[in-house]
Structures are given as structure tokens and as C-alpha cells.
> 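Before I ask anything, here is the structure I am working with.
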Amino acid sequence: MPEINLEITSIAQDGRGIGRCHDPAFPDWADMAVFARGALPGQLARIRIDKVKNNFAEGHAIGLVRDNPEFVEPFCANYGLCGGCPLQRMPYARQLEWKAVLAKDALTRQGKMDPGFVDEIFEPPCPSPGLQSCRNKMEFAFGEDAAGKLVLGQRRQGSLEVVPSDSCPLLPDGHAEILREIVRLANNSGLPAWNPSERRAGSRGKGFWRHLVLRQGRQGDKNAWLALCITSPGKNSERKIVCLLGESLLARFPNLAGFVHDERRQDDLWRHGGKRITVAGQSTIIQETGGRKFELDAASFSQVNPEGANLLASLVCEMTKGGGKILDLYCGIGAPGQLLAPRFTGLEGVDSQKSSIALAMKNAADLPHCSYKVADVDKFLQKNSERRWQTILVDPPRFGLGEKAVKNIIAARPEQFVYISCNPVTFARDAAMLKSAFELRRLSSVDLFPHTPHLECCSLWLPRHEN
């Protein structure tokens with residue numbers, strides 16, 4: 001494939017560097033935008049072109065002609081190899097600047113908001129309290145090395161290949177030994193890693209071991225780990241192997257509270273199981289947010305940066321006025337709705353995951369005015385179109401609300417609407433629809449994911465009143 005020298009001037013929402021092609025060897029590409037993995041603003045990079053489309057090209061960096069002089073040395077040996085932390089070499093203050101640029105750009109482009117208004121309302125991101133050992137959860141993929149041995153790690157940028165890693169600097173101490181022992185025991189099983197690249201129409205990906213999720217929380221007065229192992233559906237003999245592996249881990253590591261085995265039948269890269277097979281030890285652990293304890297399952301969604309989550313909780317509480325009833329959509333295990341609940345006469349939580357609702361109810365045992373329901377959010381809103389809540393709180397997955405949910409929320413006419421988003425692009429898409437009925441009054445953000453382009457936003461919307 002052709003190679004060009006590219007001056008990187010910006011970054012994309014996924015962390016790729018962006019530059020304009022001015023290489024005289026390729027006059028047909030003059031001023032074409034090029035998206036380059038492994039390159040960052042301020043660098044002159046040597047880019048190998050992978051794809052050329054109508055008005056842009058995609059490629060990856062194979063070397064540097066000139067580095068950015070302000071950049072720092074990476075703290076991780078896998079920097080540039082695995083798919084995480086693409087901004088790691090940027091000084092942290094510069095990371096925050098670029099995150100703000102990306103969020104504002106999404107609001108003006110996808111959200112169709114006035115740039116002056118966006119500059120005025122967008123508050124500078126709250127920095128992550130920690131830059132290493134700041135996550136309490138990490139998802140690892142099983143793969144195989146050149147010799148056919150099982151490995152655990154992260155997928156290479158733009159690839160299904162697994163980059164081996166027996167530790168991650170973003171996790172607290174104590175996880176590396178567990179990872180190494182899981183790899184050793186999985187290798188002894190003789191069962192292969194699942195290979196998603198072998199997926200074909202009408203057939204399934206081959207292999208057994210899929211993902212390993214490690215999560216740290218509290219067990220009593222101590223920190224402890226939960227391990228969630230996700231495999232393809234197995235025979236009874238294969239399930240027994242996983243069960244014995246879990247029991248062996250619990251016997252060896254006192255800081256491991258539980259081992260959970262889930263099976264996933266779907267041919268996708270989703271890192272959560274579909275069917276629970278085995279639990280050795282505990283399947284839940286405690287995480288504290290905003291001064292309140294929440295019990296969560298090995299597969300539950302929760303913020304992975306616990307100190308950053310406290311900052312986010314403070315922002316949500318600060319911008320939400322109490323009074324009347326609150327509807328908590330995509331409520332998960334109950335946070336942050338339960339932090340707000342004492343200010344309201346009643347809270348109703350809705351989530352499509354039965355396991356999440358069960359935990360939310362358990363977590364709200366001391367809040368008798370909280371009720372929870374398992375339901376699809378869109379269907380719930382349509383079915384309850386005549387009901388009114390003073391406040392609606394939403395914290396949807398990365399794909400955001402979507403047109404149906406936005407229309408139903410507008411129809412519900414809450415006195416205030418609080419939207420927490422982990423994806424500025426889908427938030428901006430939803431904002432373009434929301435602004436017809438609501439005014440954006442406050443937009444805050446917290447960096448829960450240092451060294452990545454991701455940013456958690458929290459916004460307050462109030463109804464527009466016709467003159």
C-alpha cells in the first residue's frame with residue numbers, strides 16, 4: 001500500500017489523528033483528509049494508506065518524521081499496540097483541551113448548535129483524580145500467540161488480534177497475578193481461544209475462551225476482585241473445566257471474592273455473557289459512589305473510574321432541583337438516582353435488564369419511596385404517555401437515546417430533564433432533537449477515561465415556554 005508523510009493537525013472522535021494530504025507524489029489526493037491510527041496532533045508521521053474513499057483516506061502510522069516536542073514518554077509497554085489509551089503521550093492538560101474540542105465539535109456539527117452558545121455553556125472538563133490505577137474494571141480478550149498458546153490482553157488497534165498483557169497500569173495492584181494464573185490454567189485446559197475472524201455468514205466463530213473481566217470493589221472492609229469469565233457455549237465437560245479453574249483461583253487468591261462463568265452464544269465482540277453457568281464464591285461486590293454503597297454483579301454496568309464517578313455524582317446532585325417525582329431511565333443498579341431520591345417524594349426506575357433491577361431494588365432497601373420496573377425504555381414511555389414526572393433523569397448506553405425516546409421524553413413534559421452521556425456524538429445527535437422543546441441550561445463534563453478521547457457529559461435541560 002502507498003505511504004505518505006502527513007502533518008497531523010487534529011484528532012477524530014475515536015482518537016485517530018487527522019491531517020490533509022500534501023504529498024507531491026500523490027497529486028490526486030491533494031488536500032484529502034486522512035485519518036491515521038497511531039498519530040497525534042503536532043506530529044509529522046509516515047502513514048501507510050489502508051483505504052481510499054471518495055473524499056477521505058484511512059491509514060496507520062509506521063514511523064515519525066518529526067515528533068511533537070511537548071509529548072511525554074508512555075508509561076505502558078503496550079502503548080501504540082493495544083486499542084486503549086491512544087492519547088497517552090499527550091500531557092494531561094492537552095488531553096483535556098482536545099476532549100473539550102471534540103465535544104464542542106460534536107455539538108456544533110451533529111447537534112447543530114451555535115458555536116458561540118456552545119463555547120459559552122460548555123464548562124471545562126473536570127480532570128480525573130487519578131491518571132494511573134484509576135479504573136476498577138478492565139475487560140481482557142483471549143487470543144493465541146504465534147505458537148498457538150493462549151494469551152489474555154487487548155485487541156490491537158484496528159484489528160481482531162490480541163496483544164498479550166499480564167497487567168494494565170490503569171488497574172490497581174493485585175490483578176497481574178490473577179491474570180497470569182488464569183492464562184496458565186486456561187492453557188492447561190487444552191481448549192482454544194474463540195476466534196472472531198472465523199465468523200462467516202451462516203456459521204459461527206470457532207473456539208471457546210472469549211473474555212475475562214476483572215472488577216475491584218469492597219468486600220467487608222477490604223478491597224477485593226471479581227472475575228467474570230465469558231466463553232462460547234460448552235459441553236458439560238468444558239463447563240466443568242471452567243468451574244475447576246474458578247475454584248482453583250479462589251483457593252489461591254484471598255483477594256478474589258468470586259469467580260463467575262457466563263456463556264455467550266452470539267457471534268459478536270460484546271464482553272458480557274448471555275447465560276450464567278457457574279458462580280464460585282460471590283457474584284456481587286460493593287462499590288461506593290457519592291457516599292452511598294451499591295451492590296453490583298460481576299456483569300453489571302457501573303462507572304469504572306470510582307473517584308471520577310464521585311465527581312460526576314456531585315455534578316448531577318448540584319444541577320438537579322428536588323421536589324415532586326423523578327423518573328430514572330436506564331437506571332442500572334440505582335446510581336445516581338438513589339443519590340437524588342431523598343429530595344423527591346417518589347422515584348421510579350426503569351431498565352431493560354432484570355438483573356440490574358433486582359440489584360437496584362436491593363440497593364434501595366432504605367429508600368421505601370423508590371420503585372423499579374423491568375421494561376424497555378421506549379415501550380415504557382409510550383405505555384405511560386399520560387403520566388407526569390417533575391424530573392426525568394437518563395443515563396443511556398453509548399448509542400444514546402434515539403428518536404423514539406427523545407420524542408417520548410418531550411411528550412412527557414418534565415419540569416427538568418437531566419441527561420448523562422458517555423458519548424458526546426450521540427448526545428449531540430439527541431440534543432439536536434431536544435432543543436426544539438428544551439433549553440440547554442448547563443453542560444458539565446468529567447474525564448472518567450484519561451488517555452482516551454472519551455468524555456462523560458452531564459446536562460440540565462428546562463422546558464421552552466412559548467411567548
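Bear in mind the structure is a predicted one, so any value in this text is a computation, not a measurement. By convention here, the first residue in the shown sequence is residue 1.
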> Just how far is it from atom CZ of Phe142 to atom CD1 of Ile230, taken to the nearest 0.5 Å?
9.5 Å
> Just wondering, do Ile409 and Leu381 contact through their side chains at under 4.5 Å, heavy atoms?
yes
> Got a donor-acceptor contact below 3.5 angstrom from the Arg89 side chain to the Val72 backbone?
yes
> Show the numbers, then the answer: is there a side chain to side chain contact (heavy atoms under 4.5 Å, CB included) between Phe301 and Gln353?
CA-CA 10 Å; Phe301 168 79; Gln353 297 297 317; over 6 Å; no
> Keeping the roles fixed (side chain from Asp447, backbone from Phe449), state whether a donor-acceptor pair exists under 3.5 Å.
yes
> With the threshold set at 4.0 Å, does a side-chain nitrogen-carboxylate oxygen contact exist between Lys137 and Glu139?
yes
> Should Phe140 and Gln154 count as side-chain neighbours, where that means a heavy-atom distance under 4.5 Å?
yes
> Answer yes or no: is there an ion pair linking Glu3 with Arg46, defined by an N-O contact shorter than 4.0 Å?
yes
> Roughly how far, to the nearest 0.5 Å, is the OG1 atom of Thr391 from the NZ atom of Lys321?
9.5 Å
> Give a yes or no answer on whether the side chain of Arg264 reaches the backbone of Arg210 with a donor-acceptor pair at less than 3.5 Å.
no
> Which pair of heavy atoms, one from Ala103 and one from Pro424, lies closest together, and at what distance?
CA-CB, 4.0 Å
> Would you tabulate the side-chain donor-acceptor contacts of residues 397-405 under 3.5 Å, counting partners in other chains and residues two or more places apart, or write 'none'?
| from | atom 1 | to | atom 2 | distance (Å) |
| --- | --- | --- | --- | --- |
| Arg398 | NH1 | Cys422 | O | 2.9 |
| Glu403 | OE2 | Lys407 | NZ | 2.9 |

> Can you measure from CZ (Arg16) to CD1 (Ile18) and round to the nearest 0.5 angstrom?
8.0 Å
> Are the side chain of Glu58 and the backbone of Asp50 linked by a donor-acceptor contact shorter than 3.5 Å?
no
> Is the shortest heavy-atom distance from the side chain of Pro463 to the side chain of Phe417 under 4.5 Å?
no
> Do any N or O atoms from the side chain of Lys435 and from the backbone of Gly111 form a donor-acceptor pair under 3.5 angstrom?
yes
> Which atom names give the shortest non-hydrogen contact between Ile47 and Ala61, and what distance separates them?
CD1-CA, 3.7 Å
> Does Gln95 reach the main-chain N or O of Met90 with its side chain, forming a donor-acceptor pair under 3.5 Å?
yes
> Under the criterion side chain to side chain contact (heavy atoms under 4.5 Å, CB included), I'd like the reasoning laid out for Cys331 against Ile357: C-alpha separation, chi angles, the key distance, then a yes or no.
CA-CA 8 Å; Cys331 65; Ile357 289 296; 3.7 Å; yes
> Contact between Phe122 and Met113 at the side-chain level, heavy atoms closer than 4.5 Å - yes or no?
no
> As a test of understanding, state which of Leu434, Leu443, Leu455, Ile420 forms a side-chain contact (heavy atoms from CB on, under 4.5 Å) with Phe427.
Leu443
> Are more than 12 heavy atoms from other residues, nucleotides or ligands located less than 6.0 Å from atom CZ of Arg109?
no
> Does Ser167 reach the side chain of His175, with side-chain heavy atoms less than 4.5 Å apart?
yes
> Checking the side chain of Thr284 only, and the main-chain atoms of Leu296 only, is there a donor and an acceptor separated by less than 3.5 Å?
no
> Verify the neighbour count for atom CE of Met319: are there more than 12 heavy atoms of other residues, nucleotides or ligands below 6.0 Å?
yes
> Would the distance check show the side chain of Arg94 and the main-chain N or O of Phe71 forming a donor-acceptor pair, the cut-off being under 3.5 Å?
no
> Would you call Thr289 and Pro306 a side-chain contact if the rule is heavy atoms closer than 4.5 Å?
no
> Does any non-hydrogen side-chain atom of Thr345 lie less than 4.5 Å from one of His369?
no
> Heavy atoms only: give me the nearest Ser165-Asn78 pair and the separation to one decimal.
CB-ND2, 3.4 Å
> What heavy-atom pair brings Leu462 and Arg441 nearest, and what distance separates the two atoms?
CD1-NH1, 3.5 Å
> Could you list all the side-chain hydrogen bond (donor to acceptor under 3.5 Å, both in side chains) pairs where at least one residue sits in residues 422-432, not counting sequence neighbours?
Tyr419-Asp430
> Which residue pairs pass the side-chain hydrogen bond (donor to acceptor under 3.5 Å, both in side chains) test with at least one member in residues 296-306, sequence neighbours excluded?
Ser128-Asn305, Arg215-Ser302, Arg276-Asp297, Gln287-Ser302, Gln303-Glu456
> Show the numbers, then the answer: is there a side chain to side chain contact (heavy atoms under 4.5 Å, CB included) between Trp29 and Ile4?
CA-CA 11 Å; Trp29 298 351; Ile4 63 171; 4.2 Å; yes
> Just by distance, do the side chain of Arg464 and the backbone of Phe438 share a donor-acceptor pair under 3.5 Å?
yes
> So Leu212 and Leu179, side chain to side chain contact (heavy atoms under 4.5 Å, CB included) or not? Walk me through it.
CA-CA 9 Å; Leu212 190 283; Leu179 283 179; 4.0 Å; yes
> Describe, in one word, how the ring planes of Phe56 and Phe35 are oriented to each other, choosing from parallel (under 30°), tilted (30 to 60°) and perpendicular (over 60°).
perpendicular
> Can you check whether Cys76 reaches Cys85 side chain to side chain, under 4.5 Å on heavy atoms?
no
> Could you tell me whether a side-chain N or O of Arg292 sits under 3.5 Å from a main-chain N or O of Asn363, the two making a donor and an acceptor?
yes
> Considering all heavy atoms of both residues, which atom of Leu6 and which atom of Ala36 are nearest to each other, and what is their separation?
CD2-CB, 4.4 Å
> Heavy atoms only: give me the nearest Leu393-Pro336 pair and the separation to one decimal.
CD2-CG, 4.3 Å
